[in-house]
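We name chains A, B, ... by the order of the sequence lines, and we start the count at 1 in each one. Just so you know, these numbers come straight off a predicted model, no measurement behind them. When reading the values below, keep in mind they use all heavy atoms of this one structure, side chains included, and skip hydrogens, waters and symmetry mates.
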Protein chains: 2
Amino acid sequence: MHEAIFPLSFPAPGRKPVSIKDIARQADVSHSTVSRALRNSPLVHPETAEKIRAIAASSGYRVSAVARSLVSQRTQTIGVVVTNIGDPFNAEVVSGIEDVANAFGYSVLLASSQSDPVRELGVVHSFEERRVDGIIVNSSRVGSLYQELLSSLSIPVVFINNHNPGGFAYSVSIDDVAGARQVTEHLLALGHTRLAYIGDRFGLQSNLDRMAGFQDALERAPQARRPPIIVYGDGTSAGGAQAMKELLESGQNPTAVFCYNDRTAIGALSTIQERGLRVPEDISVTGFDDLPVSSFCHPPLTTLRQPMNGMGRQAMQILEQLLSRNSQPPDMANKFIGNLIVRQSTAAPSNGKQS
Amino acid sequence: MHEAIFPLSFPAPGRKPVSIKDIARQADVSHSTVSRALRNSPLVHPETAEKIRAIAASSGYRVSAVARSLVSQRTQTIGVVVTNIGDPFNAEVVSGIEDVANAFGYSVLLASSQSDPVRELGVVHSFEERRVDGIIVNSSRVGSLYQELLSSLSIPVVFINNHNPGGFAYSVSIDDVAGARQVTEHLLALGHTRLAYIGDRFGLQSNLDRMAGFQDALERAPQARRPPIIVYGDGTSAGGAQAMKELLESGQNPTAVFCYNDRTAIGALSTIQERGLRVPEDISVTGFDDLPVSSFCHPPLTTLRQPMNGMGRQAMQILEQLLSRNSQPPDMANKFIGNLIVRQSTAAPSNGKQS
DNA sequence: CTGAAAGCGCTAACAT
DNA sequence: ATGTTAGCGCTTTCAG
C-alpha cells in the first residue's frame, strides 16, 4: 500500500510485466484463448475477445517478443554493423536501413566496430547469439576474414560497400572505379593537367578502386602530368586537412585535387583557404559521397553523389527478400553508379597559375 | 549429401542452430551440465567441461540470448530513440551511448521517430514488447505526452536534451539558456549591436531556451538595438540558408547572427557568401553544437560546444546505474555547461558597414 | 559433481 | 469456440 514511495516517473523496479496467464485468470478463460484473442484470431467469440482485449489494455499488457521469438524462431530483428556511426556517410546509410526495416516490421540492433576486425567479429558473434534474422555490414573493414565467417553463418548477410575480390555474397555498392573516373574526367575536361589524389590510408578496397579510376582516366589524357601526385589522409576532415598541407608544401603545385571522400575534401578546402589560396581559382577540389553538408560548403563541393540512403534501403530490401522465402532470391551484386554533381569547387585552371 | 547446392556463402536457409541438448547428447551428459560447463561453472568436472567446450566450439554453438532472456528476465539490450539518425548531432550522441553500452555488455536497439510523436510512442511500445532493459530518448519531440507514458512504464528511461517544464525524469542536457547567453555575450563584447537570431521552428523547448538566453544577454546590453531580429529555420542547413535569405532581404542588416545550431549556421554561411558578403567582415555568424565539421567550415565556425558524445555516454552510465540495483540512484537532472569555441566566423563589426 | 524437473511467456497442435 | 498439452532453449532449484 506504500506504492508511491518513488517519484511519479521512477520506474517501479523489477515490476513484473503482466502475462497472458494473468489475463486469462482475470477473464476466466485459458491462456490460449487469450493468446488467440490478442492476435485477433477469428477462432474466438467476439464477446470474450472484446473482454480479453479490454483487460489487456487496462492492465498495460505487452506481448513478450522474447517468448514469442523462442517459439517462432524469428526475432524480427536485424543487426547492423558500421565502423562508426559518427561518420555521416554511415549515419545516412543506417537511416535508410532503419526506414525500410521499420516498414517491414523489423527492429534494428546497431553496433559499431570502430574499424577493429576483432570487434567486428565480436559484434557478429553477439548478433548470432541474439538470434537476429539477418545482418547488414556497412563498409566492412575485415574483408577476407568475413568470407570464412560467412559460410559458418546460418543467417543471411548483406554487405554495403564491401568490395572483396571474388566476393560471392550479397552486396550493394557503389562503382568506385567508374565514379572516380567520372570525377577525374570532369577535372581533365576543365583543362587540368596537374592532378593530385588524396587517398584514405584506411580505405582498403574502395581507396584502391577510386585511385584506380583516377589513374585510369589519366591514362587516356596524354596532356596530364605523370605520375600523378598522391598523398594520404585517413578519411576524416582532419586527415584531409593534414594531407593537403603536405601537398601544398611538397612544391608540386597541383591545380586540382581529387579527394577520397567529402570529409577529406572539406578538410582540404579548409587548409587551402587557410593559406590564403582560393578555390576554385587557385585549386579545384572534388569529393566523393555528397554528404548533406557538401552543398553548403564554401564553395559548394563538386562531388560524386552516392545514394547513401538508397543503398541502405536497398540492402534492407534484399535482406527482406532473403528472409521471406516466398520471393525469388535477389541478385547478389548490386552496383550503383554515382552521379557527378558539379558545384563551385571546380573550375578551369587559371593560366597565370600554371608553373 | 547434396548440401552444397548453394553458393558457398549462401546461408543455409533455416538451418537450425545447435542447442545445449544437441551438445548434451554428443557429450553424453545432461543438458544442465552443458549449461554449467559453458558458463564456466566450477561445479563441473574440468575434464567433462573441457570436452563439452570442445564440442560446442566445433559445432559452432551459440547460446540463445532469447532463451536466456526468457528465464533471466533481462535482455541486456537498451532501446535508443532518436528523431533522425542522419542528424550528425544525434549520430554523435548515439555513438557515445553505443560505446558505453557495449562496455557494459548491452546491445542497442536503435529506432528513429522522424519527429513524429505517434511514431515515437510506437517505438517505445515496441521497445517494451522486446523487453529492453532500459530506454534512452534523445531530443524527444513529444514532451508532455511522455510524462504520462513514463509512469506506466516499468523500465527506466533517460532523456537527453528533453527540457520539459517540471520534468521529473532522469535526464542529461545542455544548459541552453546559459549557452546562448555565452554566445550572445561574445557577440556583444565584440561590439555588435544589431543582432539576429535564426531559430528552429521545430526546436520546441531548446529553441525557446536558446532564444531566452539570447534575449537575456541583450537585456543587459543597453547599446543593443531592440527588439532583436528573429527569423526561423527548421534546424537543417537548407532551413538556415533560407532563413538567412529572408534576413538579408528584410533590410534589417544585422551585423551578427546567432543560429539555433551549427547546421543552421552552415546554411546561413552559405547564403551570406553566395551573396558576395564576407564572414566575419560583413556579418558574424555563430552556431550551437560544435559538430565535427564546424571547425572545417570556411570560415571556421564560432560556436557553443556541446559534449555530444559525452552526453550520450553519461546517459548510458545513468541507465546502467539504474539497472544495477547495487548502486545509489544517480541524480535526476544532469546539466552540462557548453564551452564557447571562438573561431573565425565572428569578429568586431566593421564600422563602414554600420548603417 | 551431475541429473531430473520445473518454469520463463508464448504459440500451436490436438482434443473436445 | 475453448481448453489441454507440449515445447521453444535455457537456467535453476532440488535431489542425489
Side-chain angles (χ1 to χ4, degrees), chain A residues 14-53 55-56 59-77 126 128-133 154-155, chain B residues 14-53 55-56 59-77 126 128-133 154-155:
Chain A
R15 186 169 79 201
K16 239 185 88 182
V18 356
S19 76
I20 50 173
K21 271 179 160 172
D22 299 325
I23 296 179
R25 205 172 304 121
Q26 254 204 270
D28 201 44
V29 293
S30 76
H31 70 278
S32 349
T33 299
V34 174
S35 174
R36 290 184 190 110
L38 261 21
R39 276 170 309 126
N40 301 311
S41 161
L43 302 180
V44 41
H45 191 90
E47 218 163 275
T48 51
E50 196 34 64
K51 178 175 165 196
I52 288 172
R53 279 192 282 266
I55 298 179
S59 65
Y61 172 79
R62 301 278 183 264
V63 264
S64 165
V66 5
R68 176 178 286 175
S69 290
L70 190 56
V71 13
S72 70
Q73 303 284 47
R74 291 288 227 104
T75 54
Q76 293 297 114
T77 299
S126 147
E128 284 188 89
E129 295 191 345
R130 299 187 121 86
R131 297 295 190 265
V132 299
D133 295 334
S154 57
I155 50 181
Chain B
R15 186 169 80 200
K16 242 185 85 182
V18 355
S19 76
I20 51 173
K21 271 178 159 173
D22 300 324
I23 297 179
R25 207 171 303 123
Q26 253 203 271
D28 201 44
V29 294
S30 75
H31 72 276
S32 346
T33 299
V34 175
S35 173
R36 290 183 188 111
L38 261 21
R39 274 169 313 123
N40 301 311
S41 160
L43 301 180
V44 40
H45 192 90
E47 218 162 275
T48 51
E50 196 34 62
K51 178 176 165 196
I52 288 172
R53 278 192 282 266
I55 297 179
S59 64
Y61 172 79
R62 300 277 183 265
V63 263
S64 165
V66 4
R68 176 179 285 176
S69 291
L70 189 57
V71 12
S72 70
Q73 303 286 48
R74 290 291 225 103
T75 53
Q76 292 298 117
T77 299
S126 146
E128 283 189 271
E129 296 191 344
R130 300 188 120 86
R131 297 295 190 265
V132 299
D133 295 334
S154 57
I155 50 181

What's B:Thr48 touching, base or sugar-phosphate or nothing? Going by heavy atoms closer than 4.0 Å. sugar-phosphate

Specify the residue among A:Pro46 and A:Ser32 whose closest nucleotide of DNA chain D lies further upstream toward the 5′ end. A:Pro46

List every contact pair, protein side and nucleotides 8-10 of chain C side both N or O, where the distance is under 3.5 Å.
| unit_1 | atom_1 | unit_2 | atom_2 | d |
| --- | --- | --- | --- | --- |
| C:dC8 | O3' | B:Gln73 | NE2 | 3.4 |
| C:dG9 | OP1 | B:Gln73 | NE2 | 3.1 |
| C:dG9 | N2 | A:Ala67 | O | 3.4 |
| C:dC10 | OP1 | A:Tyr61 | OH | 2.4 |
| C:dC10 | OP1 | A:Ser64 | N | 3.2 |
| C:dC10 | OP2 | A:Ile20 | N | 2.6 |

Strictly distance-based, threshold 3.5 Å: is any side-chain N or O of B:Ser69 a donor or acceptor partner for the main-chain N or O of B:Arg74? yes

Criterion side chain to side chain contact (heavy atoms under 4.5 Å, CB included) on B:Tyr61 and B:Ile55, from CA distance to verdict: CA-CA 8 Å; B:Tyr61 172 79; B:Ile55 297 179; over 6 Å; no

Would you say A:Asp28 has more than 12 foreign heavy atoms packed within less than 6.0 Å of its CG? no

Specify the separation, in whole Å, of atom CZ of A:Arg74 and atom C1' of C:dT11. 15 Å

B:Asn40 CG to D:dT11 P, straight-line distance once rounded to whole Å: 12 Å

Does a donor on one side chain sit under 3.5 Å from an acceptor on the other, for B:Arg130 and A:Ser64? no

Round to a whole Å and report the spacing from CD of A:Gln76 to P of C:dT11. 13 Å

Nearest-Å distance, CZ (A:Arg36) to C1' (D:dG3)? 8 Å

So, A:Arg39 versus A:Ser35: side-chain donor-acceptor pair below 3.5 Å or not? yes

Are A:Arg62 and B:Glu128 within salt-bridge range, i.e. N to O under 4.0 Å? yes

Side-chain N or O of A:Ser30 less than 4.0 angstrom from OP1 or OP2 on D:dG3? yes

Rounded to the Å, how far apart are B:Ile52 CD1 and C:dC1 C1'? 11 Å

For the pair A:Lys51 (side chain) and A:Ala27 (backbone), establish whether a donor and an acceptor sit closer than 3.5 Å, ignoring hydrogens and angles. yes

For B:Ser72, answer base if it contacts any base atom (sugar-phosphate contacts may also be present), sugar-phosphate if it contacts only those atoms, and nothing otherwise; contact means non-hydrogen atoms under 4.0 Å. nothing

Write down the distance between CD (A:Glu129) and P (D:dT11), rounded to a whole number of angstrom. 10 Å

In whole angstroms, the gap separating P of C:dG3 from CG of B:Asp28 amounts to 8 Å

Separation of atom CG in B:Asp22 from atom P in D:dC10, rounded to whole Å: 9 Å

